[in-house]
K.L.:
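Below you will find the structure I want to go over with you.
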Amino acid sequence: MADYFERETSKLGFGLMRLPKKGLGTDIEQMKQMVDLFMEAGFTYFDTAYVYMGSEAAAKKALVDRYPRDAYTLATKLNAFIMAPTEKAAKKQFYTSLERTGAGYFDYYLLHALMDNNYTKYEKFHLWDFVQEQKAKGLIKHLGFSFHAGPQLLDKLLTEHPEVDFVQLQLNYADWENPSVQSRANYEVARKHGKPIVVMEPVKGGNLADPPAEVKKLFMDYHSDMSCASWAIRFAASLEGVITVLSGMSNVEQMKDNLSYMKSFQPLNEEEQRIIQQAQRILGHSAAIPCTACHYCTEGCPKQIPIPEIFSAMNKKLANGQTLQAAEDYQKAIDGKGAASDCIRCRQCENACPQHLPIIRHLEQCRELLKAER
């Protein structure tokens with residue numbers, strides 16, 4: 001399933017939520033320019049929703065009426081929590097969206113913004129069955145849902161509804177360990193269920209386009225020509241299992257900036273991953289092990305455990321979501337040396353560590369999360 005999505009989608013999606021404005025409405029002419037630039041660069045994924053005021057109608061004018069139907073993929077959503085007092089009203093949203101967009105069918109259709117306080121309404125209104133029926137008719141190609149809650153509910157929904165083809169999650173480096181968003185935990189649940197992921201809010205509503213000065217300096221010192229937004233979008237696009245990262249671009253300049261680094265997308269390299277980890281620490285939401293790789297801890301280790309290299313591998317999983325790369329790096333690190341499971345808790349390493357890290361506890365975590373037994 002994931003391979004199919006990879007072939008069909010591109011890493012950048014155009015989120016039609018924060019469209020350019022003209023007076024009280026959408027600047028359709030500027031939107032047309034943005035759509036053309038996006039399509040000319042080889043991107044095809046457009047995302048709207050029934051509750052995005054004017055968005056579906058704008059998509060018709062700027063996209064659907066101007067391009068062949070097989071030239072783009074269109075996603076929209078059904079929201080049972082807003083403007084849906086009855087089951088009939090909720091289901092009517094689907095047909096209204098078809099009329100507004102004129103698209104004929106939807107490549108991606110989502111139950112919108114499932115949360116702890118509304119997910120039962122989707123069950124009560126029989127909407128899971130309803131969208132399955134529309135998929136059987138050919139009016140929906142791929143079925144999913146967008147999600148704004150914690151990993152327990154996500155696991156419950158994916159367990160009860162294995163028929164969904166993908167899930168849309170809020171993932172960004174600032175919220176990776178934010179307890180109110182739980183990006184990493186939700187990401188790992190989706191990966192456990194083998195569901196391709198569409199990313200929303202990679203720039204956190206625009207906040208990461210202008211992060212705190214200390215974070216901005218980190219990025220500018222490494223690459224002065226790259227925007228701060230580019231770091232956020234590339235972080236999300238570098239995650240394993242992500243098929244598309246939605247960017248809610250509001251003008252031609254933002255579109256050009258996004259295309260400048262996503263047209264020939266390159267995942268974050270090793271140094272860029274470390275910089276993201278520093279940014280996460282500055283923002284106060286980081287699970288990364290703050291090891292400086294000074295190697296004081298390894299000089300007297302009776303089991304010759306390469307502690308800094310193991311922690312570096314672990315941080316790829318904790319801070320960057322690179323589970324497979326983390327496992328590979330771990331195996332390379334322990335080749336011919338001690339594994340995390342070989343630790344005898346002598347505490348020589350902790351006594352030598354200038355950062356005063358709880359190394360033994362971290363090694364136990366590595367053993368569990370990296371499947372560290374050889």
Side-chain angles (χ1 to χ4, degrees), residues 5-6 8-20 26 28 31-32 34-39 41-64 66-67 69-79 82 93-94 96-98 100-114 131 134 139-148 164-172 190 195-206 229 232-233 236-237 239 241-251 254-255 258-259 262 265:
F5 276 94
E6 290 286 356
E8 191 180 71
T9 58
S10 49
K11 282 289 186 180
L12 181 65
F14 190 174
L16 307 179
M17 184 179 182
R18 300 178 177 92
L19 294 171
T26 301
I28 295 296
M31 184 180 171
K32 287 179 180 178
M34 296 168 70
V35 167
D36 292 345
L37 288 168
F38 190 75
M39 295 286 283
F43 297 106
T44 62
Y45 193 107
F46 294 84
D47 173 86
T48 181
Y50 176 87
V51 297
Y52 297 170
M53 296 302 294
S55 177
E56 291 181 329
K60 183 179 190 302
K61 294 176 182 178
L63 173 67
V64 177
R66 300 174 62 240
Y67 284 91
R69 185 61 186 88
D70 60 357
Y72 60 86
T73 55
L74 184 62
T76 194
K77 312 176 190 76
L78 186 163
N79 194 308
I82 301 173
Q93 289 184 20
F94 176 80
T96 300
S97 294
L98 279 176
R100 284 176 179 171
T101 62
Y105 63 89
F106 296 115
D107 303 275
Y108 301 89
Y109 196 76
L110 300 89
L111 299 181
H112 194 181
L114 272 66
V131 292
Q134 307 316 309
L139 297 176
I140 295 171
K141 301 300 182 184
H142 307 300
L143 175 63
F145 62 90
S146 62
F147 185 76
H148 292 276
V164 300
D165 300 310
F166 69 102
V167 62
Q168 186 165 306
L169 301 176
Q170 179 176 326
L171 301 180
N172 60 67
K195 299 301 180 183
I197 300 165
V198 172
V199 174
M200 59 183 163
E201 299 294 352
V203 193
K204 200 173 181 179
I233 290 175
L239 294 168
V242 165
I243 54 172
T244 294
V245 178
L246 300 177
S247 179
M249 295 167 276
S250 301
N251 53 53
Q254 291 178 5
M255 175 63 76
N258 277 198
L259 296 178
M262 290 302 288
F265 169 69

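In what follows, residues are counted from 1 in the order of the sequence shown. Keep in mind that the numbers below use all heavy atoms, side chains included, and drop hydrogens, waters and symmetry copies.
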K.L.:
Parallel, tilted or perpendicular: which fits the ring planes of Y108 and H142, with parallel below 30° and perpendicular above 60°?
P.N.:
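Because their plane-to-plane angle lies in the 30° to 60° range, the rings of Y108 and H142 count as tilted.
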K.L.:
Heavy atoms only: give me the nearest V64-L74 pair and the separation to one decimal.
P.N.:
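For V64 and L74, the tightest heavy-atom pair comes out as CG2-CD2, 4.5 Å.
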K.L.:
Could you walk me through whether V51 and K77 pass the side-chain contact (heavy atoms from CB on, under 4.5 Å) test, one step at a time?
P.N.:
CA-CA 8 Å; V51 297; K77 312 176 190 76; over 6 Å; no
K.L.:
Do I243 and V198 have side chains that get closer than 4.5 Å, going by heavy atoms?
P.N.:
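A side-chain contact exists here, since the closest heavy-atom pair is under 4.5 Å.
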K.L.:
Kindly give the heavy-atom pair with the smallest separation between K141 and D107, and that separation in Å.
P.N.:
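Where K141 meets D107 most closely, the heavy atoms are CB-O, 3.4 Å.
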K.L.:
Are side-chain heavy atoms of M31 and L16 found at a separation under 4.5 Å?
P.N.:
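With C-beta onward as the side chain, the pair touches.
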K.L.:
Distance from F145 atom CZ to F166 atom CZ, nearest 0.5 Å?
P.N.:
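Result: 10.0 Å between the selected atoms.
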K.L.:
Out of curiosity, Q168 CD to H148 NE2, how far, rounded to the nearest 0.5 Å?
P.N.:
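If I round to the nearest 0.5 Å, the distance is 7.5 Å.
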K.L.:
Would you compute the distance between atom CZ of F43 and atom OG1 of T244 and round it to the nearest 0.5 angstrom?
P.N.:
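Result: 9.5 Å between the selected atoms.
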K.L.:
Give a yes or no on this: more than 12 heavy atoms of other residues, nucleotides or ligands lie within 6.0 Å of atom NZ of K61.
P.N.:
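Atom NZ in K61 is not crowded, with 12 or fewer foreign heavy atoms closer than 6.0 Å.
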K.L.:
State the CD1-CZ distance between I233 and F265, to the nearest 0.5 angstrom.
P.N.:
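Taking CD1 in I233 and CZ in F265, the distance rounds to 10.5 Å.
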K.L.:
Once rounded to the nearest 0.5 Å, what's the spacing between atom OG of S247 and atom CD of E201?
P.N.:
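Separation between the atoms: 10.0 Å.
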K.L.:
Over 60° means perpendicular and under 30° means parallel, so tell me whether F38 and F46 are parallel, tilted or perpendicular.
P.N.:
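It falls in the perpendicular class, over 60°.
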K.L.:
Between A237 and K11, which heavy-atom pair has the shortest distance, and what is it?
P.N.:
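Where A237 meets K11 most closely, the heavy atoms are O-NZ, 3.3 Å.
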K.L.:
I need the minimum non-hydrogen distance between A232 and P202, along with the two atoms involved.
P.N.:
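Closest approach of A232 to P202: CB-O, 3.3 Å.
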K.L.:
Please report the closest heavy-atom contact between L259 and A41, naming both atoms and the distance.
P.N.:
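Nearest heavy atoms, L259 then A41: CD2-CB, 3.8 Å.
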K.L.:
Check the orientation of F106 and F94. Use parallel for under 30°, tilted for 30 to 60°, and perpendicular for over 60°.
P.N.:
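Rings of F106 and F94: perpendicular, over 60°.
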K.L.:
With rounding to the nearest 0.5 Å, note down the distance linking CG in L12 to CE in M249.
P.N.:
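With rounding to 0.5 Å, CG (L12) is 5.0 Å from CE (M249).
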K.L.:
Quick check against the 3.5 Å criterion: does S55 have a side-chain atom that pairs as donor or acceptor with the backbone of M17?
P.N.:
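Absent.
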K.L.:
With side-chain contact (heavy atoms from CB on, under 4.5 Å) as the test, would you mind laying out the steps for L239 and I197 before giving the verdict?
P.N.:
CA-CA 9 Å; L239 294 168; I197 300 165; over 6 Å; no
K.L.:
Quick one: are Y109 and L78 in side-chain contact, heavy atoms under 4.5 Å?
P.N.:
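With C-beta onward as the side chain, the pair touches.
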K.L.:
Which residue, T48, T96, T76, forms the side chain to side chain donor-acceptor pair (under 3.5 Å) with E56?
P.N.:
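With E56 as partner, side chain to side chain donor-acceptor pair (under 3.5 Å) holds for just one option, T76.
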K.L.:
Is there a side-chain contact between Y72 and V35, using heavy atoms and a 4.5 Å cut-off?
P.N.:
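The answer is no, as the side chains (C-beta and beyond) never meet within the 4.5 Å cut-off.
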K.L.:
Run the salt-bridge test on R66 and D36 with the 4.0 Å N-O cut-off and return the result as yes or no.
P.N.:
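Result for this pair is yes, salt bridge flagged.
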K.L.:
I'd like to know if the side chain of S146 reaches the main chain of A113, judged simply by a donor and an acceptor atom lying under 3.5 Å from each other, with no hydrogens or angles considered.
P.N.:
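Yes, S146 side chain to A113 backbone: donor-acceptor pair under 3.5 Å.
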K.L.:
On a heavy-atom basis, which atom in N79 and which in H112 lie closest, and how many Å separate them?
P.N.:
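The pair with the smallest heavy-atom distance is ND2-ND1, 3.4 Å.
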K.L.:
Mark yes or no for whether D165, through its side chain, and L143, through its backbone, hold a donor-acceptor pair below 3.5 Å.
P.N.:
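Looks like yes, one N/O pair under 3.5 Å.
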